[in-house]
Trainee: 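Supplied in structure tokens, the structure appears directly below.
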Protein chains: 2
Amino acid sequence: MNDQLKQIYQTMKEKGFKLTPARKSMLKIFLESEQKLLNAKQIFNLVKKKSKKTNFSTVYRNLEVLTENGIVEKISYNKETKYKLRGQGSHHHFMVCTLCYKTIPLPFCPFGELETYIKSDTDFLPINHHVEIYGYCNNCRQKLEN
Amino acid sequence: MNDQLKQIYQTMKEKGFKLTPARKSMLKIFLESEQKLLNAKQIFNLVKKKSKKTNFSTVYRNLEVLTENGIVEKISYNKETKYKLRGQGSHHHFMVCTLCYKTIPLPFCPFGELETYIKSDTDFLPINHHVEIYGYCNNCRQKLEN
DNA sequence: TGTTAAATGCAAATGTTTTGCATTTAGGAG
DNA sequence: CTCCTAAATGCAAAACATTTGCATTTAACA
């Protein structure tokens, strides 16, 4: 079994959450789906493929649990709320194609110097940050040009 | 009259939008309110104070017009959608206190080097970006410590 | 002052997310 | 392996934010 998946199962267990079919299904969906940013409806539909009897409330409740435990990240932009699996360990940001929603990780976090500056020059205490780059991926750009 | 307001009125006029009381009221709210990030409900309530007969659809429709014309910016984080007046000219980002929602502008945009990197090293075409720092402002931090 | 397109108010619809509650189930104890 | 219990689920209904259709009003300009 996939290493990342194994680790997530481990985390869930440690925190006392049950490994229900719905949850396993959702995690596999995140791991296997081509698109890494999914909204609740998409996830619901994919879960439904396996167990036709699932329900939006289950999906939402599980997204909440996964989000609160740092396994999944919730991202809102332009009305749409999407979810993605958190990379294990190293935190990073994404470039998001606004046409196909392909997500490309940024190789570094631009927050480093920024944080240094904020801490030394302001009295604001930074806790969290949110960086996203929107634009066109190579594919979509080529389509646009034709 | 405030210079920024004058300029916005000018812009609206040029684009053929009417300067209705609701719109003037909303713009003044953005300019005068202590809090610079407001959600639709807050704006609605403030508008209502002046003209008791206003309506959510008016507020939303105007927020849309203002957003589409670059006068107002729409920001979503953690479920909440908020709006703020765009700084005239220079674009900037904010540090947002997650307790009182006070917003403190960042004195520079960390996107500069990032953009350079992306353009030279990836085939992604960056169009837009979104940077926000969340944490505690000085005031709230002091309150927390007591 | 009159005309007209644009903006408004209202009520109802939409879409997403949440909740209460009865039922089912994962996972540990025995 | 079986039982027990807290946690998770499914369902229906509610809550909430946002949008829409339509009749009425109004800003802006001739």
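Every chain is numbered from 1, with letters handed out A, B, ... down the list of sequences.
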Trainee: Under the criterion side-chain contact (heavy atoms from CB on, under 4.5 Å), I'd like the reasoning laid out for A:Tyr83 against A:Leu38: C-alpha separation, chi angles, the key distance, then a yes or no.
Mentor: CA-CA 5 Å; A:Tyr83 299 83; A:Leu38 300 163; 5.6 Å; no
Trainee: Measure from NZ on A:Lys74 to C1' on C:dT18 and round the result to the nearest Å.
Mentor: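 It works out to 11 Å between those atoms.
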Trainee: Calculate the interatomic distance between B:Leu27 atom CG and C:dA7 atom P; express it in whole Å.
Mentor: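 To the nearest whole Å, that distance equals 13 Å.
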Trainee: Quick one: NZ on B:Lys82 to CG on B:Asn39, what's the gap to the nearest 0.5 Å?
Mentor: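 The distance works out to 5.0 Å.
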Trainee: Roughly, in whole Å, what's the span from NZ in B:Lys41 to C1' in D:dC16?
Mentor: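 In whole Å, D:dC16 C1' lies 8 Å from B:Lys41 NZ.
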Trainee: Work out which heavy atom in A:Leu66 is nearest to a heavy atom in A:Met12; give both atom names and the distance.
Mentor: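 Closest pair (atom of A:Leu66, atom of A:Met12, distance): CD2-SD, 4.0 Å.
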Trainee: For each nucleotide in nucleotides 25-30 of chain C, reading 5' to 3', give B when a protein heavy atom comes within less than 4.0 Å of its base, S when such contact involves only the sugar-phosphate, and - otherwise.
Mentor: BBS---
Trainee: Hey, what do you get for CG (A:Leu85) to CD1 (A:Ile71), rounding to the nearest 0.5 Å?
Mentor: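 Output value for this atom pair is 8.0 Å.
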Trainee: Mind checking the OG1-NZ spacing from B:Thr54 to B:Lys49? Nearest 0.5 Å is all I need.
Mentor: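 Answer for the OG1-NZ pair, B:Thr54 versus B:Lys49, is 14.5 Å.
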Trainee: Mind calculating the distance between CZ (A:Arg23) and C1' (D:dG10) to the nearest angstrom?
Mentor: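 So the two atoms are 14 Å apart, to the nearest Å.
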Trainee: Please find the pair of heavy atoms, one from B:Leu37 and one from B:Gln42, that lie closest to each other, and give the distance.
Mentor: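 Scanning both residues completely, I find the closest heavy atoms to be O-OE1, 4.0 Å.
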Trainee: How many whole angstroms separate atom CD of B:Glu14 from atom P of D:dC29?
Mentor: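 B:Glu14 atom CD is separated from D:dC29 atom P by 12 Å.
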Trainee: Quick one: pull up CD1 in A:Ile8 and CG in A:Asn69 and give me the separation to the nearest 0.5 Å.
Mentor: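 Going from the CD1 atom of A:Ile8 to the CG atom of A:Asn69 covers 11.5 Å.
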Trainee: Does any non-hydrogen side-chain atom of B:Lys13 lie less than 4.5 Å from one of B:Leu19?
Mentor: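 The answer is no, as the side chains (C-beta and beyond) never meet within the 4.5 Å cut-off.
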Trainee: May I have the distance from B:Met12 (atom CE) to C:dA6 (atom P), rounded to whole angstrom?
Mentor: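 Spelled out: CE on B:Met12 to P on C:dA6 is 13 Å.
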Trainee: Expected output is a numbered-order residue list: members of residues 47-66 of chain B with a heavy atom under 4.0 Å from any atom of DNA chain D. What is it?
Mentor: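 Per residue number, the list reads B:Ser57, B:Tyr60, B:Arg61.
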